[in-house]
A.B. asks: 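Sharing a structure with you now.
Just so you know, these numbers come straight off a predicted model, no measurement behind them.
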Amino acid sequence: MAVFTELSDEDRQLISAAYGFTSLLSVIGIADGDSETTYLFRTRQGEYIITLFENGAQPLDLERAFETMEALYQNGVPCPKPLRTVDGDATSLAAGRLVAAVSFVPGASPAFAGPAKCLSLGRVMARIHAILERKTKCTSTDLRTGAIHGALIRENVFFLGDEVSGVINFRLRHEDAFVSELADVLVGWAGETNGELNDERARALLQGYQQVRCLTNAEKQALPGFIMASTSKRFASRKERALLPEIAVLAYRSVTPEILA
């Protein structure tokens with residue numbers, strides 16, 4: 001069950017002072033089932049999402065998440081604009097909790113994503129990877145690495161129509177091979193109930209990705225193995241886990257040359 005921390009008038013004033021809000025119009029609690037407490041602060045300067053972290057968030061982790069969002073926002077990626085305190089910090093304190101603030105982004109998470117949404121998601125994910133790629137000398141057999149979002153699930157991606165309007169929740173941002181996140185997104189957004197990738201959705205997602213950032217030969221060769229690993233994680237706690245070897249092999253085989261083209 002989600003935790004929800006109530007804000008007192010004093011807490012609201014503390015947050016407003018920390019971020020320089022000169023006129024607070026309204027405060028609305030958001031019961032979204034997340035593990036953190038979130039509020040919408042409406043001010044004359046704009047609308048902001050205020051998050052109170054309930055479960056062990058550390059200032060350094062949130063600083064890194066802010067730096068990532070700042071780099072993406074400045075390069076035109078649809079994500080919230082991180083709001084620093086008047087002292088330049090990524091976090092403040094209120095109600096005994098660590099607090100972070102970002103701009104409000106419009107849109108909603110989809111219950112289902114067809115090919116058009118997958119195409120847009122692929123483009124946005126590739127932009128994130130291209131901006132955050134670690135600039136080191138690589139051989140042709142190396143997998144490209146850098147900071148990845150870490151949780152590009154439906155709840156963290158908003159759409160307006162078929163276009164991504166915002167990617168949120170960068171708290172799980174970490175360094176990894178980009179093909180690892182690509183596999184997780186393919187399984188999460190294009191995976192069928194039997195583990196196989198839906199050809200149309202997977203093709204659209206990869207097409208969108210490669211419109212922005214072409215996969216290297218090493219990444220293409222590695223992708224089926226990462227798909228197998230991601231599918232195994234997805235089904236490990238489900239009732240179908242007794243069939244996990246067959247499911248994982250089916251997922252592996254569904255990454256065809258036609259999908260990667």
Side-chain angles (χ1 to χ4, degrees), residues 1-110 120 124 127-128 131 147 149-161 163-173:
M1 183 176 178
V3 176
F4 194 87
T5 297
E6 296 287 346
L7 288 178
S8 67
D9 288 342
E10 182 181 359
D11 294 326
R12 297 179 187 191
Q13 291 170 5
L14 279 172
I15 294 172
S16 295
Y19 294 100
F21 299 152
T22 56
S23 52
L24 187 60
L25 302 177
S26 65
V27 175
I28 302 171
I30 303 173
D32 60 0
D34 196 358
S35 59
E36 317 298 352
T37 295
T38 54
Y39 284 90
L40 174 63
F41 272 44
R42 287 188 170 134
T43 76
R44 292 200 185 278
Q45 294 101 313
E47 296 183 337
Y48 302 96
I49 297 297
I50 306 297
T51 301
L52 281 69
F53 292 92
E54 306 286 352
N55 298 303
Q58 298 299 316
L60 181 58
D61 293 335
L62 295 174
E63 174 63 39
R64 289 171 177 161
F66 261 48
E67 290 173 356
T68 297
M69 280 193 289
E70 286 166 345
L72 297 177
Y73 185 84
Q74 290 165 7
N75 281 277
V77 172
C79 70
K81 179 181 180 181
L83 186 65
R84 291 187 176 272
T85 69
V86 292
D87 294 325
D89 298 321
T91 57
S92 62
L93 289 172
R97 305 287 192 275
L98 205 60
V99 175
V102 298
S103 64
F104 173 82
V105 293
S109 301
S120 179
V124 171
R127 288 172 66 190
I128 292 172
I131 292 165
H149 180 278
L152 284 174
I153 56 177
R154 298 183 198 278
E155 292 82 357
N156 290 332
V157 184
F158 293 171
F159 287 83
L160 285 174
E163 295 299 317
V164 174
S165 60
V167 176
I168 66 169
N169 192 4
F170 283 79
R171 186 181 169 190
L172 295 180
R173 161 244 181 265

A.B. asks: If I take atom CG from residue N169 and atom CD1 from residue I49, how far apart are they, to the nearest 0.5 angstrom?
C.D. replies: 12.0 Å
A.B. asks: Just jot down the side-chain contact (heavy atoms from CB on, under 4.5 Å) partners of T22, sequence neighbours excluded, or say none.
C.D. replies: Q45
A.B. asks: Would you list the atom pairs, donor with acceptor, under 3.5 Å between side chains in residues 76-86 and any protein atom, with sequence neighbours excluded?
C.D. replies:
from	atom 1	to	atom 2	distance (Å)
R84	NE	E70	OE2	2.7
R84	NH1	E63	OE1	3.1
R84	NH1	G88	O	3.1
R84	NH2	E63	OE2	2.8
R84	NH2	E70	OE1	3.3
R84	NH2	E70	OE2	3.3
T85	OG1	D87	N	3.2
T85	OG1	G88	N	3.3
T85	OG1	D89	N	3.0

A.B. asks: Is a side-chain N or O of T38 found less than 3.5 angstrom from the main chain of I30, in a donor-acceptor match?
C.D. replies: yes
A.B. asks: Any side-chain donor paired with an acceptor under 3.5 Å for T43 and Y48?
C.D. replies: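 Their side chains do not contain a donor-acceptor pair, so the 3.5 Å distance test is not met.
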A.B. asks: Is any side-chain heavy atom of V102 less than 4.5 Å from a side-chain heavy atom of F170?
C.D. replies: no
A.B. asks: List in chain and number order the residues that pass side-chain contact (heavy atoms from CB on, under 4.5 Å) with E47, two or more places apart in sequence or in another chain; answer none if no residue qualifies.
C.D. replies: L40, R42, F104
A.B. asks: Please name the pair of heavy atoms, one in I168 and one in E155, separated by the smallest distance, quoted to 0.1 Å.
C.D. replies: CD1-O, 3.9 Å
A.B. asks: With sequence neighbours left out, what residues match E163 under salt bridge (Lys or Arg N to Asp or Glu O under 4.0 Å)?
C.D. replies: R123
A.B. asks: Sequence neighbours left out, what pairs pass salt bridge (Lys or Arg N to Asp or Glu O under 4.0 Å) with at least one residue falling in residues 4-27?
C.D. replies: none
A.B. asks: Considering all heavy atoms of both residues, which atom of V105 and which atom of S165 are nearest to each other, and what is their separation?
C.D. replies: CB-O, 4.4 Å
A.B. asks: So, for P59 and T91, which heavy atoms are closest and what is the spacing to 0.1 Å?
C.D. replies: CB-OG1, 4.3 Å
A.B. asks: Check I15, T5, L52, T51 against Y39 for a side chain to side chain contact (heavy atoms under 4.5 Å, CB included) and give me the one that passes.
C.D. replies: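 For Y39, the side chain to side chain contact (heavy atoms under 4.5 Å, CB included) check succeeds only for L52.
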A.B. asks: Give me the atom names and distance for the closest heavy-atom approach of L160 to G107.
C.D. replies: CD2-CA, 3.7 Å
A.B. asks: Using 0.5 Å steps for rounding, measure from the CG atom of N75 to the CD1 atom of I128.
C.D. replies: 11.5 Å
A.B. asks: Does the side chain of S35 come under 3.5 Å of the side chain of E54 through a donor N or O and an acceptor N or O?
C.D. replies: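 Per modelled atom types, S35 and E54 side chains form no pair under 3.5 Å.
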A.B. asks: Donor-acceptor pair, distance only, cut-off 3.5 Å: does the side chain of S16 make one with the backbone of F21?
C.D. replies: no
A.B. asks: With sequence neighbours left out, what residues match A57 under side-chain contact (heavy atoms from CB on, under 4.5 Å)?
C.D. replies: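 F53, L62, L98, R171.
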A.B. asks: Please find the pair of heavy atoms, one from A94 and one from V99, that lie closest to each other, and give the distance.
C.D. replies: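 Where A94 meets V99 most closely, the heavy atoms are N-CG2, 3.7 Å.
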A.B. asks: Search all heavy atoms of Y19 against all heavy atoms of A90 and return the closest pair with its distance.
C.D. replies: OH-O, 4.3 Å
A.B. asks: Supply the atom-to-atom distance R97 CZ to E36 CD, rounded to the nearest 0.5 angstrom.
C.D. replies: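 Rounded to the nearest 0.5 Å, the CZ-CD separation comes out at 10.0 Å.
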